[in-house]
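Right, one structure below, let's go through it.
Every chain is numbered from 1 and lettered A, B, ... according to where its sequence line falls, protein lines coming before strand lines.
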Amino acid sequence: MPELMQFLLSGVTVGAVYALVALGFTIIYNASDVVNFAQGEFVMLGGMITVFAFDAGLQLPLAALIAIALTAAIGVALNKLAIEPARGAPVVSLIIITIGASIFIRGVTQLVFDKQLHRFPAFTGDEPIRILAATILPQSLWVIAGAVVVFVALWLFFTRTLTGKAVLATSNNRLAAQLVGINTKWVMTLSFALSAAIGALAGVLVTPITLTSYDLGIALALKGFAAAMLGGMGNPKGALVGGLLLGLFEALTAGFISSQYKDAVAFIVILAVLFAMPQGLFGRNTVNRV
Amino acid sequence: MTMRLTTKQTTLLVLALIIAATPFFFPSAFYFRVGSLVFVNGVAVLGIVILTGFAGQISLGHAGFAGIGAYASALAPVHLGLHPAFAALLGAALSALIAYVVGRPILRLKGYYLAVASLGFGILVSMVLSNEAWLTGGPDGIAVADLGLRQALGHMGLKLSAPEFWYFFCGLCLLVGAWLALNLHDSPTGRALRALHGSEIAASTVGVDVPRAKLQAFVISAVYASASGSLLALQNKFITPDVAGYMHSIELVTMAVLGGAGSVLGAIFGAGILTLLPQVLTVFAEYEQVVLGLVMMLVMIFLREGLLPSLMRQFTGRGA
Amino acid sequence: MSLLSVEGLGIAFGGLKAVDDVSFSVNPGEIVSVIGPNGAGKTTLFNMISGVYMPRSGRVRLNGEDVTGYAPHLLARRGMSRTFQNLQIFQNMTVLENAIAGFHLREKGSVFADLFGLPGSRRRSRDARTGARELLARVGLANAAELEAGSLSYGALKRLEIARALALDTKVLLLDEPAAGCNAVETEEIDHLIAEVAASGVAILLVEHDMKMVMRISNHIVVLDHGVKIAEGEPGAVSRDPNVIAAYLGTKTEEPSHAHG
Amino acid sequence: EIRIGATVSATGPASFLGDPEAKTLEMLVEEINAKGGVNGEQLKLVLYDDGGDPNKARTFATRLVEDDEVVAIIGGTTTGTTMSIVPVAEDAEVPFISLAGAIEIIDPVKHWVFKTPHTDRMACQKIFEDMKKNAISKIGVISGTDGFGASMHKQCVAVAGDYGIEIAADETYGPQDADMTPQLTNIKGTAGVQAVLNAGFGQGPSIVTRNYSQLAVGLPLYQSHGVASDGFIELAGAKAAEGVRLPGTALLVAGILTEGDSQKAVVTDYKAAYEKKTGSAVSTFGGYAHDALRILVDAIGRAGSAEPEAIRDAIEGTSGLVGTTGVVTMAADNHLGLDLSAFRMLEIKDGGWTIIE
Amino acid sequence: MLTVEGLRSRYGRIEALHGIDLHIDSGEIVTIVGANGAGKTTLLRCLSGLQPVSAGQIIFRGEALTTTPAFKRLERGLAQSPEGRQIFTNLTVEENLRLGAFLFTDDRVDRDMENAFRMFPILKEKRNLAAGGLSGGQQQMLAIARALMGRPSCLLLDEPSMGLAPILVQQIFDVVRSMRDLKVTVLLVEQNAFGALSVADRGYVMETGRITMEGPAGELLADPRVREAYLGI
Ligand SMILES: Nc1ncnc2c1ncn2[C@@H]1O[C@H](COP(=O)(O)OP(=O)(O)OP(=O)(O)O)[C@@H](O)[C@H]1O
Ligand SMILES: Nc1ncnc2c1ncn2[C@@H]1O[C@H](COP(=O)(O)OP(=O)(O)OP(=O)(O)O)[C@@H](O)[C@H]1O
Ligand SMILES: [Mg+2]
Ligand SMILES: [Mg+2]
């Protein structure tokens, strides 16, 4: 069935986009238990800054690098100016802060840049690649590769490095983390820088496919959030698998059932999964003895 | 008699005074319109106070119930021949029923997992509202019948313009809603909700049926949201699926948290601020989003319990 | 017939048998202590009895009724309450409200009565409030009633938990290390409180590492080690049991000997 | 001073439409005032951004009539916002010129309500005419689920029969979707489909176009007037967009209009002024705002008064007014005043627009 | 080694410490006894930097520590086993211990960990399990072991014997005693006043935010007021 193959390729393409966004959530979440609703804006910034740097005549790789660095800096600023001062606030307050931040970033972007749609050329052309009677754009392969690389890097970071453990310790028990000598402020700074950089990288990779504009962040953040929860928040494996699954559900539903209700079906599947596994597919099962 | 009772009475008194007195400063009907929107949002936000402030459960899909209330008010008069007022009641009943059915499975989830599940529910509702155009008119919306109460009052000699009528009517609804929420706060049920917010396991060992209590909070808050949606639809005489949208859900939660999710007056205050802000910010429309984002961040950073409770604490040394 | 009886209770986490085939019973007015080394399975046993964990094997009977695996609130309705080793305080409420919450079963009514503030609902709230104040006085927290619960010291929270558990119309009370974090004098106060409650006909199951206290107030002692019951009997007999001394008590050099009994 | 009110969706999901509208209104009012205003009076534009929220739009409309005391309202970027402004305008008896597409806005005619864009139905008719000309009778439709796409979809389904066209495949996509290949694969796989029509605006149509070329569907692809801007070719990529047809306005092809074209002067002027002022390309939507203001100013001029009632009557009497969308002639039973001839069938060739009539 | 002068600290508007003066010499074992709510935990939190100080000074090895952030104090040699254990419940036992030595990457980390396992064999058994699953007493052992992993020169213990079986209580006091040989200074807060005063060199008695008595441990142990109020004799 060539259709099925095409649906799968589409699902993987979209899924990889979601996975990249979801992976961006993991670090900040792991450091602070906060789902950063401004993550979508990092993706948007990655795309927008690259577009404008590229249009200003820079080489694409250089433009992308600048975008990632700038976005990371913005992430750090967000932490220093908004998250760090609110330390100890309840999680809902932190959610509102990140939503506020996302509105703010959107507002500034629209002033600094514009409200138009933009894109820059795909890295390796637009000639579709044929796989078993179906096709995929080369840029999709870049996105998929990006998701896999980020996943592996994060997985190694959290399982193999002491810094990764320090990040986990910080969210698990901030007081105790300080007692063992972890500079929790620095951990937070690092986490925001990394998360923002991953977001920006996602933006750079996906813009040739999805296009970008100042208000692209909300939709991506929502889907990325859903994907991350499906997989289990905080686990890079969950983000990758959750993203890919979500993309596949959508594509298969659009292909076989109804394109109108593809998002609905995707959400129903998420609800069903959470019903059976309240922590998502790979979520950590927190043990809290009483 | 006790401290608590006075808190409740003061809250209601303050609210009633605000509703009754501010119109004296209104230079035009536009202000009545904005005021009534504050109250409409306030009603929905009270639901969030009960669900999030009392019981500690996050919902990012509550606008879905507002959508159900709004569309019930729009559709039932046309298809079932109901009077709009009964249509709104039907909407509330329907919302309660749906909340009851949906709440059971999703309230087993905690924190962000609950957030994403409720988000999914909200999206589902708004998707149905915009996809089933044959019934709902699709994304472009649908007209809503007139409530008729204003005319009825007119016949009885109380002549109000539409904005005036809606201002006072919504104000009254808000007062009733606030009264109920305040009653709940210090009642056994309210304490059970706040207890499970603190520790589910301890709540259940003192005999609180935790799933049931959560469900009660969810259903009650759904009815509030539904009522708010109905009021909006009836007042605007026109409704679009935006009422059920994700942004509206977020807005409701933001209003509650900004004002102080645990406090009835605080949350209404939050609804007021967020409803008025866009009207104030029109002077620098370009910067509206920037300012809105900044306000949200600054309030949460410097007044982390929400505007009102934090300010009260500043003045009196204790929370509201 | 005993009020609470536990028959062959067992549970495992991963490969570990945390509790294995434990049986005993508690009568009204009796204080039964469960002792044993850290990790012996005492808290786990409590968690199974009180419906927090589902036992893998065995039965829990309350007043003859099989209540194995019942949710905690169902057990509460049947007169069981407990305190926690890892404190479970309603941090978002005042001390008084924490205690009132203990009266939930007695004060609860229909949601509608509560929403509309009907007289019945108000009266029940008032009664609970009065009862709660009395209880706080009993555990020595009368002055802290209006404070936020989060601001109490550890020992005070411990006592607040006891007050909350007593608020239920308790028939069986499970206390998990009630005296942890209290000094000798405070411990003695808790002793008296427990003895008093038992004297009123409540069956008490106690986990405690303070041997002075255990020896002083227990009618019967059950000793666990590695999830298995290794000894059982009168305080005097148990404390002389060489197995118990080896596994749990050690040679006592730190305790002032004259403080015994 | 004559106060004119406007509420458009300069931000939010419809900012793609509302942003050029807002900029156009500001630019033109400035221009008109610089030239001495209307009837010797300066215009004052009170402009609000409703963010695409119908509820907000209604509040702003109330504010315009109650607080700002404007003599007329322009706006309602989307049908949803328009429909919630309508009752306010009707109640307050203030003329209202909408910038949204749906036919319901002016059909049935409402005393105080006008609009400038062609209706969605007209876009469908124009496209179907062209299909008929090319002997196409069985098509696949893919539309966005937003207001624009859904509304146009509805109209196209309604009039397809008139042109003997059968819609054999019917798919949708969300406004922010990243890949439409499953839907297009299904359309491609539907037996007998001779052409595909995409109703939508924003990034959707660009992605559809790119996916369409990726899948090598090989059938004619029709887009709607929702994508009519130069940006579309750039976003979709000139190669993928090659051969795409759509009903557009004169504005889009200002440069290649014949010298005799009645709209040439108007569109060329507007295009030049807009692009100079904002640095971005004109779009059909800015044109709608342009026409609305022109109609209003023309009416105030003819009425010789800034009384709402007089303005309304004058708007209804608009005749032969050359706008960017077409030549407008209103009547008591026609509050739009455009016909199909205002649309031009365009095709993208070699990365640029050509007129194919 | 550690000197505290006029230390005050508050929770919001309520002051919990009203000017504490105390000093500990190098290698000394000092204990603080006091009733529930006396402010012992608050004092230790001030020392380890978890709690802001509103007035007064903390001087550690000749340097002012008062405003040093908490995470830098371990670098200076100050480790705490806090009240409520505060272990990393989502991490494994081994990860908890490894993080205790967060500042170090040398080989000694492994040796220290082996020592910890020798001290508390149960931790070795559970090394790969999430620490949140441990029993109360096991968590307490982990908290103490983790503090030791930080190679402190001064160890702050907040009720280390709480929740431990008698046999382990003895062991904990043995550990405290052994600190003397390792030249580690210990500040011990205990409800088991008898045990604490038996191992300590000196002791302080705290009541509602003030030091009310101090002296050599033996003297305090013999003091009738102490015996009545804290030993229950
Ligand atoms: N949820 C769980 N997950 C994993 N292991 C568990 C869990 N609950 C208990 N255990 C294990 O079961 C054993 C018994 O634990 P329990 O808490 O019952 O001991 P305890 O007798 O109460 O000890 P303590 O005196 O230290 O409180 C321990 O080894 C513990 O690690
Ligand atoms: N987070 C807090 N907010 C407000 N007050 C607090 C807080 N924590 C402690 N207190 C108050 O500070 C005082 C000292 O408490 P602290 O915990 O230091 O006592 P403690 O001596 O350690 O008691 P315990 O032996 O019970 O642990 C007490 O009155 C307590 O109520
Ligand atoms: Mg235990
Ligand atoms: Mg303490």
* Structure fact -> Smallest heavy-atom separation, A/Phe267 atom then B/Val116 atom, equals CE2-O, 4.1 Å
* Asked: Residues of residues 274-281 of chain A under 4.5 Å from chain B (heavy atom pairs)?
  -> A/Leu274, A/Phe275, A/Pro278, A/Gln279, A/Gly280
* Asked: Which residues, numbered in order, of residues 235-249 of chain A come under 4.5 angstrom of chain B by heavy-atom distance?
  -> none
* Choice from B/Leu292, B/Leu124, B/Val291, B/Leu298 maximising heavy atom contacts with chain A below 4.5 Å -> B/Leu124
* Pairs of heavy atoms under 4.5 Å with chain A: top-ranked of B/Leu119, B/Ile106, B/Ile201 -> B/Leu119
* Enumerate the residue pairs fulfilling salt bridge (charged side-chain N to carboxylate O under 4.0 Å, His left out) with a member in residues 241-250 of chain A, sequence neighbours excluded, ordered by first and then second residue. => A/Lys223-A/Glu250
* To do: Check whether A/Ile218 gets within reach of chain B through its side chain, its backbone, both or neither, counting any heavy atom under 4.5 Å.
  => side chain
* To do: Can you see which heavy atom on B/Tyr112 is nearest to which on A/Ile95, and at what distance?
  => CE2-CD1, 3.5 Å
* Under a 4.5 Å heavy-atom cutoff, which of B/Met127, B/Met247, B/Lys110 has the most pairs with chain A? -> B/Met127
* Structure fact -> Under 4.5 Å to a heavy atom of chain B? For A/Asp33 that would be backbone
* Asked: Looking only at heavy atoms, which two atoms of A/Tyr261 and B/Val128 are closest? And how far apart?
  -> OH-CA, 3.7 Å
* Exercise: identify the closest heavy-atom pair between B/Ile301 and A/Pro85 -> CG2-CB, 3.6 Å
* May I ask you to list the residues in residues 98-115 of chain A that approach chain B closer than 4.5 angstrom, counting heavy atoms only, ordered by number? => A/Ile99, A/Gly100, A/Ala101, A/Ile103, A/Phe104, A/Arg106, A/Gly107, A/Val108, A/Gln110, A/Leu111
* Nearest heavy atoms of A/Gln260 and B/Asn131, plus distance in Å -> O-ND2, 3.1 Å
